[in-house]
Amino acid sequence: MYNFEFVRPSSVADAVAALADEDAMALGGGQTLLPTMKARLAAPTKLVSLSGIDGLSYVKTGGDSVEIGGATVHADVAAEVADAFPALAALVARIGDPAVRNRGTIGGSVANNDPAACYPAAVLATGGTIVTDKREIAAEDFFQGMFATALEAGEIITAVRFPVPQAAHYEKFAQPASRFPLVGIFVARFASGVRVAVTGASESGVFRWTEAETALSSDFSADVVEGLTPSADGLIGDLHGTPTYRANMIRVMTARAVAAAG
Amino acid sequence: MTKVSMTVNGKAVARDVEARRMLVDYLRQDLDLTGTHVGCDTSQCGACVVHVNGKAVKACTMLAAEAEGAKVTTIEGMASSDDDLHRLQVAFNDHHGLQCGFCTPGMIMSAAALLSENPTPSEAEIRHYLEGNICRCTGYHNIVKAVLAASGQDSAALAAE
Ligand code: FES
Ligand code: FES
């Protein structure tokens with residue numbers, strides 16, 4: 001890893017100012033960024049740690065939504081949303097391993113938008129909102145393809161807000177070496193309809209499987225999913241699975257998620 | 001160089017280090033606490049697990065500077081002397097929870113974090129919690145037995161695999 005300048009500001013305003021430098025990057029829990037820097041795939045000249053900012057780590061539940069501060073680590077989210085949004089707690093409790101969950105943050109995960117990350121599936125399936133230091137961005141507009149988001153340079157995620165569905169479930173087929181989903185499905189049922197988000201499968205990152213959403217909105221049953229055939233176009237093919245395999249897994253995991261959501 | 005200060009195993013320490021110094025290198029190279037191991041350096045194996053403010057973390061994937069002011073516990077802080085080992089260390093010894101011992105510091109630190117969150121974990125909970133700790137030697141079975149025994153549960157009931 002190349003050396004860099006390290007700063008740990010105590011306010012969002014100071015962090016934004018520190019990020020104004022060219023080649024500065026924000027550091028959440030570092031569970032992705034630090035390995036990336038070790039591999040020299042990223043070489044920021046300055047790291048701006050968000051861990052010293054008061055009030056960026058919290059979970060607020062109440063009404064029909066859950067709001068999570070951008071610097072909240074996975075372990076805290078898993079513990080604190082268990083009652084208010086159990087499907088989200090279950091998703092978070094299976095990210096990485098316990099030591100990773102004690103460092104990794106929701107803001108870091110969402111900002112990185114790894115095509116196989118778990119969090120983006122929950123944000124997109126619930127129609128969540130990403131709150132930054134300057135605006136609020138709807139999930140639909142935020143995720144823009146593999147590792148790409150609507151964030152501008154130096155913009156910081158201060159919170160993520162999830163509407164809590166009537167019923168929901170995240171089904172993850174974990175790739176055993178990395179513990180990332182080979183295919184992960186978040187199904188969320190609201191009074192207004194059902195939303196299905198798929199992660200791990202597509203070359204353009206997390207996406208909604210609208211065909212299943214339409215079918216499930218009129219009949220919320222695993223059987224209805226069994227009859228659908230997701231397209232393999234644009235799906236990832238690698239040594240872990242072909243696009244056709246992943247397409248089939250989307251159907252299987254969605255049916256399981258629906259059955260589990262009840 | 002920046003000065004990084006923390007409390008390690010109850011002792012206040014401070015060293016001037018580069019910003020890129022990882023916590024594991026701060027412990028091993030700057031403080032000569034070589035009980036914490038580096039197996040992979042890519043956050044896969046868990047040999048480097050230590051506690052930061054009571055939470056298990058992979059010290060190869062945390063900057064020393066991020067532990068500024070923190071309370072850190074390493075494997076060296078688990079036993080007060082060779083005759084007074086931590087109950088997990090005793091159990092690993094009794095149940096042959098190690099062979100080469102390379103993974104053991106991380107296993108003990110992860111298992112200690114588990115027991116502080118969940119004093120009587122089931123076999124499945126132990127296996128799930130130790131997912132981020134890799135052992136090349138034991139096949140895990142005796143490690144799980146040792147953690148069961150250290151939590152005061154009957155490990156004899158665990159079927160051989
Ligand atoms: S050395 Fe840190 S996880 Fe392997
Ligand atoms: S005892 Fe050798 S790696 Fe675990």
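Lettering of chains follows the sequences in order, A, B, ..., and the numbering in each one begins at 1. Excluded from the calculations below are hydrogen atoms, water molecules and symmetry mates; all remaining heavy atoms, backbone and side chain alike, are included.
- Considering only heavy atoms from C-beta on, B:V4 stays 4.5 Å or farther from A:F6 through its side chain.
- Contact detail for B:Q44 and A:R179: the closest heavy-atom pair is O-NH2, 3.9 Å.
- Proximity to chain A (any heavy atom under 4.5 Å) is shown, for B:E117, by neither the backbone nor the side chain.
- When all heavy atoms are compared, the tightest approach of B:K58 to A:A99 is CG-CB, 3.7 Å.
- Atom-to-atom distance recorded for A:M37:CE and B:L63:CG is 7.0 Å, nearest 0.5 angstrom.
- Here CG of A:D97 is found 8.0 Å from OG of B:S43. Values are rounded to the nearest 0.5 Å.
- Among A:R94, A:E5, A:K38, A:R101, the residue with the largest count of heavy-atom pairs under 4.5 Å with chain B is A:K38.
- Going from atom CD of B:E18 over to atom CZ of A:F4 covers 9.0 Å, rounded to the nearest 0.5 Å.
- B:E66 and A:S51 get closest at one heavy-atom pair: OE1-OG, 2.9 Å.
- For the atom pair B:M22 CE and A:L34 CG, the distance stands at 4.5 Å (nearest 0.5 Å).
- B:R21 CZ to A:M1 CE: the interatomic distance, rounded to the nearest 0.5 Å, is 12.0 Å.
- When each of B:A19, B:C60, B:S110 is scored by its heavy-atom pairs under 4.5 Å with chain A, the top score falls to B:A19.
- Only the backbone of A:A93 comes within contact range of chain B, judged by heavy atoms closer than 4.5 Å.
- At a 4.5 Å heavy-atom cutoff, B:N133 makes no contact with chain A through either its backbone or its side chain.
- Looking only at atom types and distance, the side chain of B:T61 has no donor-acceptor partner in the side chain of A:Q31 under 3.5 Å away.
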